[in-house]
*Asks:* 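Structure below; questions to follow.
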Amino acid sequence: MEDKKESLNFIEQIITEDISSEKHNGRVLTRFPPEPNGYLHIGHTKAICVNFELAEKFGGACNLRFDDTNPTTEDTEFVEAIKEDIEWLGFQWNGDVKFASDYFDQLCAFAEQMIKDGKAYVDPSTPEEIAQQKGTPSTPGTGNKYRDRSIEENFQLFQEMKEGKHPDGAMVLRAKIDMTSPNMLMRDPLMYRIKHAHHYRTGDKWCIYPMYDFAHGQSDSIEHITHSLCSLEFIHHRPVYDWFIDNLEIFPSRQIEFSRMNVEYLITSKRKMLKLVGGGYVTGWDDPRMPTVRALKRKGYPAKAIRLFCDKVGMTKRENLIEFDLLESCVREILNETANRAMVVEDPVKLIITNYPEGESEMLPANNNDGDESAGTREIPLSREIWIERKDFMEDAPKKFYRLSPGRNVRLKHAYILHCEGFKNNEEGELEEVYCTYYPNSKSGHDVSGVKPKGTLHWVSIEHGVECEIRNLEHLFTDPAPDSHEGKDLLEFINPDSIQYSKGIMEPSLVSATKGQQFQFLRKGYYCVDTDSTEDRLIFNRTVGLKSSWKPKK
RNA sequence: UGACCCAUGGUGUAAUUGGUAACACAGCAGUUUUUGGUUCUGCCAUUCUAGGUUCAAGUCCUAGUGGGUCAACCA
């Protein structure tokens, strides 16, 4: 039992081998390298968990480095948001936050070294010409005359680029690798381009900026990253990554790729998310239906649940589409332990306990969480008239309907057993009132009535109940993979009912609930106090429903 | 007309590295329960195809099939 062999995923195996061969003296340093040009989403959480947790598992650390080499898309606002999200997820990065822009001087020196080694050249070709000369994946590219420029001339031109003597797009610095490589990225990749743009950190100091391929590996190397874990889409960059490290003769960081995580109903393309926000399909980046980390948080998903989910999803190089059910199961698993229970009635119907004395009420004790005594207790007021859910009464009920129906018994949670005597419909034929008697000797915890009802209902005293708003959230899309349909726009799959607003009546103890606080509304689901809540009106997001084996058919 | 990555129940992963295909989620049935929640139990269902190596192949080799990826002065 104790010696159960723990299985390692393929990255853990690599790291284990590296440690046992004393590569880097057994040191493990990973990094999470976002570009500060947007908010983190569910897809990022996988990369975050992998990098931070693997480092921790092997006694190492994980750097947070902002890959900020494109001044026109990046902003300090996103730096702050990303840091906040990572901390919320419960991770602490190694030392100070790092920035690729802190390495601009070093990167520039690397470039000059490449030029002096005859391995880089300045090319004034237009983007179209460069693209054309690159060939296609199935046909080799051809070099141009600038490849053979002299070292002195290249050096001179690069200085001019750096000094701002040339306009944007006039020329680029390229690595001289192999224009006939079957790997397109090895066909003399661009190292530097001219951009007379203000950088949010370096200001106007630079007018040339390194490209990803000339910044990422070198930044890893500068930080002595041992294992640079990234998603599969970068696999073709690895030869470039290695080529620069080899030719610069710098610290040999190693890139390892894994498949990104795709989750049903959630999209992770920034462009597509922007479409949702920009088009008003959601209220913003933190709309609880969005796949961003801040949206999931607002919806009530605990950080622990998201991490549990990432762990359960595993680690491979395969394409995947993970069922939304797995995510929800993780959320329920965490919330079941941590969320206090409360009673809230949605779509209420009045129930009158006809033999309960008018004008009287009593306080009934209730556990906040039956599975966790430390969660404490609260008191719930009961009076003659209460709200119950409309769904909990049926005139002609099937045998398996364990709720209210004329002649049947049912328990009010934390209170007494009721016997249903009758009901009244309004003129439209809708249920208006339900009439019951209660067994005074059936009080919860002191039941000597001998009555054994099949079901238990939640309820709220009409006199004491407080109104709130409930936002019932569904998938934003009607299709589990809305962006996978060739020729069809994502917006064709928008779910028009992805958010439904309804009124709820809550037990009075909930009035002191604070933003972000999570509850299980008995028999309903898990709910979280939304940030839109005000002093006098609480708003709850439905985080996830409870599982239910009762399915009323037709 | 190229290169690279991948292929195990419905889904996601595992298999002591060549030795009885297992875990989780979902589904179904039951148990427990003052939540049709929770708990617990059981059931269902798996190695892409064809060759080869081997006493033995999910695992190694070859070919095929299928899926994915690769061209931005983005990262």
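Quick note: numbers below take in every heavy atom, side chains included, and nothing from hydrogens, waters or symmetry partners. Just so we're clear, the structure is a prediction, and the values are computed from it rather than from any experiment.
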*Asks:* Determine, stepwise, if the pair A:F214 / A:T69 fulfils side chain to side chain contact (heavy atoms under 4.5 Å, CB included).
*Replies:* CA-CA 10 Å; A:F214 195 67; A:T69 57; over 6 Å; no

*Asks:* Determine, for nucleotides 59-70 of chain B in 5'-to-3' order, which nucleotides have protein heavy atoms under 4.0 Å from the base (write B), from only the sugar-phosphate (write S), or from neither (write -).
*Replies:* ---------SBS

*Asks:* Could you give the distance from SG (A:C528) to CZ (A:R542), rounded to the nearest 0.5 Å?
*Replies:*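 Nearest 0.5 Å value for the SG-CZ distance: 13.5 Å.
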
*Asks:* Measure up the A:Y301 and A:F324 rings against each other and bin them: parallel (under 30°), tilted (30 to 60°), perpendicular (over 60°).
*Replies:*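 The rings of A:Y301 and A:F324 sit tilted, inter-plane angle from 30° to 60°.
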
*Asks:* Write down the partner of B:rC4 under the Watson-Crick or G-U wobble criteria, each distance required to be under 3.5 Å.
*Replies:*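 Partner of B:rC4: B:rG68.
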
*Asks:* What integer number of Å spans the C1' atoms of B:rU11 and B:rU35?
*Replies:*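 Per the computed distance, 29 Å lies between those C1' atoms.
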
*Asks:* Provide, to the nearest angstrom, the distance between the NZ atom belonging to A:K317 and the P atom belonging to B:rU8.
*Replies:*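 After rounding, the reported distance stands at 16 Å.
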
*Asks:* If the C1' atom of B:rU8 is compared with that of B:rA15, how far apart are they to the nearest Å?
*Replies:*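 To the nearest whole Å, 10 Å.
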
*Asks:* Tell me: CZ of A:R65 to C1' of B:rA75, nearest whole Å?
*Replies:*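 After rounding, the reported distance stands at 12 Å.
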
*Asks:* Let me know, please, whether A:E264 or A:N37 comes out on the 5' side of the other along RNA chain B by nearest nucleotide.
*Replies:*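 The answer here is A:E264.
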
*Asks:* I'd like to compare against my own output: the B/S/- annotation of nucleotides 27-38 of chain B with a strict under-4.0 Å heavy-atom distance to protein.
*Replies:* -S-----BBBBS

*Asks:* Stepwise, does the side chain to side chain contact (heavy atoms under 4.5 Å, CB included) test hold for A:M506 with A:V460?
*Replies:* CA-CA 7 Å; A:M506 58 185 190; A:V460 173; 5.8 Å; no

*Asks:* Using purine N1 to pyrimidine N3 plus N6-O4 or O6-N4 for Watson-Crick, or N1-O2 and O6-N3 for G-U wobble, each under 3.5 Å, what pairs with B:rC43?
*Replies:*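 Its partner is B:rG27.
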
*Asks:* Under 4.0 Å, heavy atoms only, any strand: does A:F234 hit a base, just the sugar-phosphate, or nothing?
*Replies:*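 Since a base atom lies under 4.0 Å of A:F234, the category is base.
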
*Asks:* Does B:rU65 count as syn, meaning its glycosidic angle lies within 90° of 0, or as anti?
*Replies:*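 Base orientation: anti.
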
*Asks:* Could you give the NZ-to-C1' distance, from A:K195 to B:rA75, as a whole number of Å?
*Replies:*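 Going from A:K195 (NZ) to B:rA75 (C1'), I get 11 Å.
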
*Asks:* Figure out the CG/P separation between A:D188 and B:rA72, and round it to whole Å.
*Replies:*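 Interatomic distance, CG of A:D188 to P of B:rA72: 13 Å.
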
*Asks:* Classify the nucleic acid contact of A:E35 as base, sugar-phosphate or nothing, counting any heavy atom under 4.0 Å across all strands shown.
*Replies:*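 Counting heavy atoms under 4.0 Å across all strands, the contact made by A:E35 is with sugar-phosphate only.
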
*Asks:* Which nucleotide, if any, forms a Watson-Crick or G-U wobble pair with B:rA22, using both distances under 3.5 Å?
*Replies:*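 The answer is B:rU13, by the H-bond criterion.
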
*Asks:* Can you check the distance between B:rG58 and B:rG51, where both ends of the measurement are the P atom (answer in whole Å)?
*Replies:*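 Each nucleotide's P atom is 15 Å from the other's.
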
*Asks:* Does the side chain of A:F99 reach to within under 4.5 Å of the side chain of A:R201, using non-hydrogen atoms?
*Replies:*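 Counting from C-beta outward, A:F99 and A:R201 do come under 4.5 Å.
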
*Asks:* Without decimals, in angstroms, what is the distance between A:E129 CD and B:rA72 P?
*Replies:*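 Rounding to the nearest Å, CD of A:E129 and P of B:rA72 are 15 Å apart.
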
*Asks:* Mind checking if A:S219 touches a base, just sugar-phosphate, or nothing, with heavy atoms under 4.0 Å?
*Replies:*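 No contact.
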
*Asks:* For A:T69, report the nucleic acid contact type (base, sugar-phosphate, nothing); a contact means any heavy atom under 4.0 Å.
*Replies:*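 Result for A:T69 = sugar-phosphate.
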
*Asks:* Over how many whole Å does the gap from A:Y209 atom OH to B:rA75 atom C1' extend?
*Replies:*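 Rounded to whole Å, this separation is 16 Å.
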
*Asks:* So if I take every side-chain heavy atom of A:D325 and compare against B:rA14, B:rA24, B:rA26, which nucleotide ends up nearest?
*Replies:*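 Looking only at side-chain atoms, A:D325 lies closest to B:rA26.
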
*Asks:* Which nucleotide, if any, forms a Watson-Crick or G-U wobble pair with B:rU54, using both distances under 3.5 Å?
*Replies:*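 Its partner is none (no Watson-Crick or G-U wobble pair with both distances under 3.5 Å).
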
*Asks:* Between B:rA71 atom P and A:D213 atom CG, what is the distance in whole Å?
*Replies:*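 It is 11 Å, rounded to the nearest whole Å.
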
*Asks:* Taking only the C1' atom of each, what is the distance from B:rC4 to B:rG10 in whole angstrom?
*Replies:*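 Roughly 30 Å separates the two C1' atoms.
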
*Asks:* Quick one: which of A:R147, A:K176, A:R174 gives a side-chain hydrogen bond (donor to acceptor under 3.5 Å, both in side chains) with A:D188?
*Replies:*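 Single side-chain hydrogen bond (donor to acceptor under 3.5 Å, both in side chains) partner of A:D188 among A:R147, A:K176, A:R174: A:R147.
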
*Asks:* Mind checking whether A:Y265 and A:F477 have ring centres under 6.0 Å apart?
*Replies:*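 No, the ring centres sit 6.0 Å or more apart.
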
*Asks:* Determine the Euclidean distance between corresponding C1' atoms of B:rG9 and B:rC23; express it in Å to zero decimal places.
*Replies:*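 Taking atom C1' in both B:rC23 and B:rG9, they lie 12 Å apart.
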
*Asks:* Can you tell me the Watson-Crick or wobble partner of B:rC73, both distances under 3.5 angstrom?
*Replies:*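 Looking at the geometry, B:rC73 pairs with no nucleotide.
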
*Asks:* Just wondering, more than 12 heavy atoms not from A:K304 lying within 6.0 Å of its NZ?
*Replies:*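 It does not: A:K304 NZ has 12 such atoms or fewer within range.
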
*Asks:* Applying side-chain hydrogen bond (donor to acceptor under 3.5 Å, both in side chains), run through A:H419 and A:N409 and close with a yes or a no.
*Replies:* CA-CA 5 Å; A:H419 181 77; A:N409 292 322; 2.8 Å; yes

*Asks:* Just name whichever nucleotide pairs with B:rU59, Watson-Crick or G-U, keeping both distances under 3.5 Å, else none.
*Replies:*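 B:rU59 is paired with nothing.
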
*Asks:* Please step through side chain to side chain contact (heavy atoms under 4.5 Å, CB included) for the pair A:Y200 and A:V79, ending with a clear verdict.
*Replies:* CA-CA 10 Å; A:Y200 76 102; A:V79 169; 3.6 Å; yes

*Asks:* Quote, to the nearest angstrom, the P distance that separates B:rG68 from B:rA29.
*Replies:*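 Approximately 37 Å lies between the P atom of B:rG68 and that of B:rA29.
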
*Asks:* Is the A:H216 to A:Y212 ring centre distance short of 6.0 Å?
*Replies:*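 Ring centres of A:Y212 and A:H216 closer than 6.0 Å.
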
*Asks:* Could you work out the separation of B:rA71 and B:rU13 based on their P atoms and round it to a whole Å?
*Replies:*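 Looking at atom P only, B:rA71 and B:rU13 are 25 Å apart.
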
*Asks:* Please pick, from B:rC6, B:rA15, B:rA75, the nucleotide with the shortest atom-to-atom distance to any side-chain atom of A:R318.
*Replies:*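 Nearest to the side-chain atoms of A:R318, counting from C-beta on, is B:rC6.
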
*Asks:* Distance to the ring centre below 6.0 angstrom and angle to the axis at most 45 degrees; does that hold for A:R411 and A:Y416?
*Replies:*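 A:R411 over A:Y416 ring: no.
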
*Asks:* Which nucleotide, if any, forms a Watson-Crick or G-U wobble pair with B:rU35, using both distances under 3.5 Å?
*Replies:*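 Checking every strand shown, B:rU35 finds no partner, since no pair has both distances under 3.5 Å.
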
*Asks:* Which whole-number value in Å describes the distance from A:H237 NE2 to B:rA75 P?
*Replies:*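 Those two atoms, NE2 and P, are 10 Å apart.
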
*Asks:* Could you work out the separation of B:rC60 and B:rU16 based on their P atoms and round it to a whole Å?
*Replies:*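 Here B:rC60 and B:rU16 have their P atoms 11 Å from each other.
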
